[in-house]
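It should be emphasised that the depicted structure is a prediction, and the values quoted were computed from it without experimental measurement.
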Amino acid sequence: MPDQAHPGPNLRVLVADDNPVVRAGLAALLDGHPELEVVAQAADGEAAIAAATRLRPDVVLLDVRMPGTDGLTALPALSLLAPVMMLTYSREPEVVAEALRRGAVGYLVHGEFTAAELISAVRELRHAKTTVPDSLGVSYEPNDFPSHLQLVVGQSSKARSGFAARLHRRVPNRLNFGLSSREVEVMDLIASGMSNQQIAAACFISEKTVKNHINRIFAKLHSSSRSEAIAHWLGTAREGWSR
């Protein structure tokens with residue numbers, strides 16, 4: 001007869017935070033729960049991607065601001081491997097919005113939740129339930145992909161294009177792979193999590209034109225899917241990572 005207090009295997013968790021004290025504290029807290037197991041810890045986004053690729057955890061807890069590859073940059077690749085909950089001190093609405101656009105399924109701010117609430121939120125990710133406190137002031141609804149969220153905050157096309165510009169500035173040494181200025185804009189919007197329809201609206205072009213741009217982008221990035229293109233574009237692709 002199944003143990004009702006411990007249904008199913010342990011939920012395997014990866015903790016990514018540059019602060020070793022925070023990492024150790026989270027690991028101790030989560031490992032102390034019978035349903036949870038911390039399988040890896042990482043000090044930056046690149047290490048988190050490597051660990052997630054190797055270990056395939058069930059859940060990733062990810063800080064926003066870390067040296068080297070930060071949490072927002074690592075999010076697209078990580079969200080393809082496991083549900084990602086942001087666990088950070090950053091509560092700026094723009095940061096929350098970007099995290100949700102880029103694939104996070106939850107967002108908690110240190111100091112604004114109890115240990116019990118954290119454990120409950122992590123456990124809920126097993127059932128693909130999202131956790132974004134109302135106090136953060138961001139509303140959202142699931143889009144066509146269960147592990148991603150689409151903001152419904154009434155953003156204008158100008159605001160969406162502004163997000164792409166900020167993303168491009170955030171990675172100043174990133175290669176452009178020979179993309180035209182319009183293809184760079186489209187690729188940044190792809191990396192932000194937008195659908196073809198949303199990109200068309202943001203760029204004031206047709207969806208057919210968006211598809212043509214994407215076909216050329218994929219050829220230049222030597223990619224066959226959005227996930228591969230994003231990984232190459234953000235510099236997170238590693239030999240043997242793409243699948």
### Query
Is there a donor in the side chain of Ser181 and an acceptor in the side chain of Glu185, or the other way round, less than 3.5 Å apart?
no
What are the two closest heavy atoms between [X] and [Y], and how far apart are they?
X: Pro20; Y: Asp18; value: CD-O, 3.3 Å
X: Leu29; Y: Ala115; value: CD1-CB, 3.8 Å
X: Pro67; Y: Asp44; value: O-CB, 3.4 Å
X: Ser79; Y: Gly103; value: CB-O, 3.7 Å
X: Gln41; Y: Ala27; value: NE2-CB, 3.5 Å

**Item:** Within one Ile-Leu-Val-Met-Phe-Trp-Tyr cluster: Leu61 and Val39, side-chain cutoff 4.5 Å
**Value:** no
Side-chain donor or acceptor of [X] paired with backbone N/O of [Y] under 3.5 Å:
X: Asp63; Y: Ala16; result: no
X: Lys220; Y: Leu179; result: no
X: Thr53; Y: Ile49; result: yes
X: Arg102; Y: Leu72; result: yes
X: Thr73; Y: Thr69; result: no
X: Arg12; Y: Arg56; result: yes
X: Asp70; Y: Arg65; result: no

So [Y] and [X], do their side chains get closer than 4.5 Å, heavy atoms only?
X: Pro57; Y: Val13; answer: no
X: Asn196; Y: Ile214; answer: yes
X: Met85; Y: Val60; answer: no
X: Leu87; Y: Leu118; answer: yes
X: Leu11; Y: Leu30; answer: no
X: Leu14; Y: Asp58; answer: no
X: Met86; Y: Val84; answer: yes
X: Ser120; Y: Glu117; answer: no

Separation of [Y] [atom2] from [X] [atom1] (nearest 0.5 Å):
X: Asn10; Y: His33; atom1: CG; atom2: NE2; answer: 10.0 Å
X: Asn19; Y: Arg23; atom1: CG; atom2: CZ; answer: 7.5 Å
X: Leu221; Y: Trp233; atom1: CG; atom2: CH2; answer: 6.5 Å
X: Ser227; Y: Leu81; atom1: OG; atom2: CG; answer: 9.5 Å

Give every residue pair that meets the salt bridge (charged side-chain N to carboxylate O under 4.0 Å, His left out) criterion with at least one member in residues 200-216, sequence neighbours excluded.
->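 Only Glu183-Arg216 qualify under salt bridge (charged side-chain N to carboxylate O under 4.0 Å, His left out).
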From the list Glu228, Arg226, Met187, side chain to side chain contact (heavy atoms under 4.5 Å, CB included) partner of Phe218 resolves to Arg226
Quick note, ring pair (Phe, Tyr, Trp, His ring centres under 6.0 Å) partners involving residues 63-100, not counting sequence neighbours, are Tyr89-His110
> Could you go step by step and tell me if Val95 and Tyr107 meet the side-chain contact (heavy atoms from CB on, under 4.5 Å) rule?
Replying inline: CA-CA 10 Å; Val95 174; Tyr107 198 108; 3.5 Å; yes
Going through the distances and angles, do His213 and Arg182 end up as a side-chain contact (heavy atoms from CB on, under 4.5 Å)?
CA-CA 8 Å; His213 282 309; Arg182 174 61 94 180; 3.4 Å; yes
_As a quick check of understanding, evaluate side-chain contact (heavy atoms from CB on, under 4.5 Å) for Ile119 and Leu36, giving each step before the final call._
CA-CA 9 Å; Ile119 290 173; Leu36 307 177; 4.0 Å; yes
Asp17: which residues meet the side-chain hydrogen bond (donor to acceptor under 3.5 Å, both in side chains) condition with it, sequence neighbours left out?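 If we apply the side-chain hydrogen bond (donor to acceptor under 3.5 Å, both in side chains) test to Asp17, skipping adjacent residues, there are no hits.
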Heavy atoms of other groups near Glu92 CD, more than 12 under 6.0 Å: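 Yes, because the 6.0 Å sphere around CD of Glu92 holds more than 12 heavy atoms from other groups.
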